[in-house]
Student: 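Mind looking over this structure? Questions follow.
Keep in mind it's a predicted model, so treat the numbers as computed, not measured.
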Amino acid sequence: MTQRVIAHVDIDYFYAQAEELRKPELKGKPIAICMFSGRTEFSGAVATANYRARELGVHAGMPIAFAKKKSKELILIPADRAYYSEVSARVMDILRAHSDEFEQVGIDEAYLDITKKTQSSFVSARKIAQDAKAQVLEEEKLTCSVGVGPNKLIAKMASSFKKPAGLTIVAPAEVKDFLRAMRIADLHGIGPKTVEVLAEKKITTIPKLAQTPVANLQEWFGENKGLMIHEKALGEDDSAVEEKEKQQYSRIMTLKEDTSSPEKLFEESRALADELAKKSNENGVHFKTVSIMLISSKLEAVTRSKTLERPAQKEEEILATAKELFGQFFSEKPGFVVRRFGLRVSNFSQSAREKQKSIFDF
DNA sequence: GCGGAGATGGACC
DNA sequence: CTAACGGGTCCATCTCCGC
């Protein structure tokens, strides 16, 4: 097995950097890119803050009203996803050209398999990473942070090691030392809940976690997740860098006012169903399952779904199914108060590409 | 026991 | 004055049910 060389590229504070790009007067000022829910003037959350805003204690995920209180100087900018998508697509094209295999993850990051290009040399990887960063800066005026490692896990952690505009190379021999300096929460895929359970077992460092028998981890977290945690603690990850087909599309919205009325939700569903139908159409997929998602003001979430007789693609099929599901749900739980709700289509029938592939799978 | 369907929850950006 | 809180996606797991 050849030694893989994987890079992870993260565009620095992407939404905010993209806004600074088209409005240079914002440079040097604290800005927060916001998702306004429209419920009240400042309800919603911060999607990204630039570094000046972070110095003031403003962070992604924070309620806008809370961020605003941190500083009078803070400039609030509504998120413009269409614009960020355009910028992102151009950056991704540049990055793709520097890779053997490419995988975009979200709007602002990507993995590059550069094993062949580097002939497994981590020295040569530095040059490629520098070239890619320089080209993105030159052509799109955006800074990125890059991490290089023997797999996706280490590359991802390396890219967050030095930000912004960082470049961190972790060669195979350095993995163990690199991990020792990290916290368990820094392991990608291990979230707060997992960290908490481990803390109860007095496991608070990565070396400690690496020594913990897999059997114990599997007992606490289940077979697959236990094994996954064990491998991450050792810095192991054999997942491939490859473009993944989307498995589902969803649209969610916050209501102006809470409701328990299935009719009201059905009315609001039109816009969401329209977008989902368009998206299915654009991508040439047919869905078999339609789901509704309801979130109460106490943040309790419920989903209900239905699988159709045959694959569908039309807005009317989404709406009719959603209507049925809303009706069923509220006859069960008439008192449920909805704050946010959404629709999802999933369970796509095979795409043309997969069909091609499966012929040769034998 | 197995696969599909459905529900839930964790995780990440 | 206080409390305040988005949207999109993936994945694992569990349960139920028909075979």
Student: Is there a donor-acceptor contact under 3.5 Å linking the side chains of A/H98 and A/Q135?
Tutor: yes
Student: Distance check needed: C/dG8 C1' versus A/M253 CE, whole Å only.
Tutor: 15 Å
Student: Against the six-membered ring of A/Y83, is A/R22 placed for a cation-pi contact (under 6.0 Å from the centre, within 45° of the normal)?
Tutor: yes
Student: In whole Å, I'd like the distance from the CZ atom of A/R81 to the P atom of C/dG8.
Tutor: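 One finds 6 Å between P of C/dG8 and CZ of A/R81, rounded.
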Student: Are the side chains of A/S269 and A/F326 in touch, meaning some heavy atoms are under 4.5 Å apart?
Tutor: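 Yes, their side chains come closer than 4.5 Å.
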Student: Using whole Å, what does the distance between atom P of nucleotide C/dG6 and atom CZ of A/F341 come to?
Tutor: 14 Å
Student: So A/E101 and A/Y111, side chain to side chain donor-acceptor pair (under 3.5 Å) or not? Walk me through it.
Tutor: CA-CA 8 Å; A/E101 299 294 335; A/Y111 290 100; over 6 Å; no
Student: Could you tell me whether A/K68 sits above the aromatic face of A/F42, with NZ or CZ closer than 6.0 angstrom to the six-membered ring centre and within 45 degrees of the axis?
Tutor: yes
Student: Could you state the atom-to-atom distance from CZ of A/R304 to P of B/dG6 in whole Å?
Tutor: 12 Å
Student: Quick check, are the ring centers of A/F329 and A/F341 under 6.0 angstrom apart?
Tutor: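 Centroid distance A/F329-A/F341: not below 6.0 Å, so no.
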Student: Heavy atoms under 4.0 Å, any strand shown: does A/Y249 hit a base, just sugar-phosphate, or nothing?
Tutor: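 Answer is sugar-phosphate: A/Y249 comes under 4.0 Å of backbone atoms only.
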Student: Return whichever of A/A60 or A/R344 has its heavy-atom-nearest nucleotide of DNA chain C closer to the 5' end.
Tutor: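 This one resolves to A/A60.
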Student: Produce the list of close N/O pairs, under 3.5 Å, pairing protein atoms with atoms of nucleotides 11-13 of chain B; give distances to one decimal.
Tutor:
residue, atom, partner, partner atom, Å
B/dA11, OP1, A/G191, N, 3.3
B/dA11, OP1, A/G191, O, 3.4
B/dA11, OP1, A/T194, N, 2.9
B/dA11, OP1, A/T194, OG1, 2.5
B/dA11, OP2, A/K193, N, 2.9
B/dC12, OP1, A/G189, N, 2.9
B/dC12, OP1, A/I190, N, 3.2
B/dC12, OP1, A/I190, O, 3.1
B/dC13, OP1, A/K156, NZ, 2.7
B/dC13, O3', A/D108, OD1, 3.0
B/dC13, O3', A/E109, OE2, 3.3

Student: Which of residues 39-55 of chain A have a heavy atom under 4.0 Å from DNA chain C?
Tutor: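 Per residue number, the list reads A/S43, A/G44, A/A45.
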Student: Before giving the answer on side chain to side chain donor-acceptor pair (under 3.5 Å), spell out for A/K133 and A/T143 the whole-Å C-alpha distance, their side-chain angles and the decisive distance to 0.1 Å.
Tutor: CA-CA 7 Å; A/K133 278 178 64 170; A/T143 66; over 6 Å; no
Student: Applying a 4.0 Å non-hydrogen cut-off, can you work out what A/T254 is touching in the nucleic acid: base, sugar-phosphate, or nothing?
Tutor: sugar-phosphate
Student: Indicate, with yes or no, if the rings of A/Y13 and A/Y51 have centres closer together than 6.0 Å.
Tutor: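 Yes, the ring of A/Y13 comes within the 6.0 Å limit of the ring of A/Y51, centre to centre.
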Student: Could you state the atom-to-atom distance from CD of A/Q248 to C1' of B/dG6 in whole Å?
Tutor: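 About 14 Å, once rounded to whole Å.
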Student: Below the 4.0 Å mark, does C/dG7 have OP1 or OP2 next to a side-chain nitrogen or oxygen of A/R340?
Tutor: yes
Student: Let me spell it out: for each of A/R251 and A/K69, pick the nucleotide of DNA chain C with the closest heavy atom. Which residue's pick is nearer the 5' end?
Tutor: A/K69
Student: A/E20 and A/N50: side-chain donor and acceptor closer than 3.5 Å?
Tutor: yes
Student: Could you state the CG-C1' distance from A/L255 to C/dC5, rounded to the nearest angstrom?
Tutor: 15 Å
Student: Using a 4.0 Å heavy-atom cut-off, does A/T303 contact any base of the nucleic acid, only the sugar-phosphate backbone, or nothing at all?
Tutor: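 Counting heavy atoms under 4.0 Å across all strands, the contact made by A/T303 includes a base.
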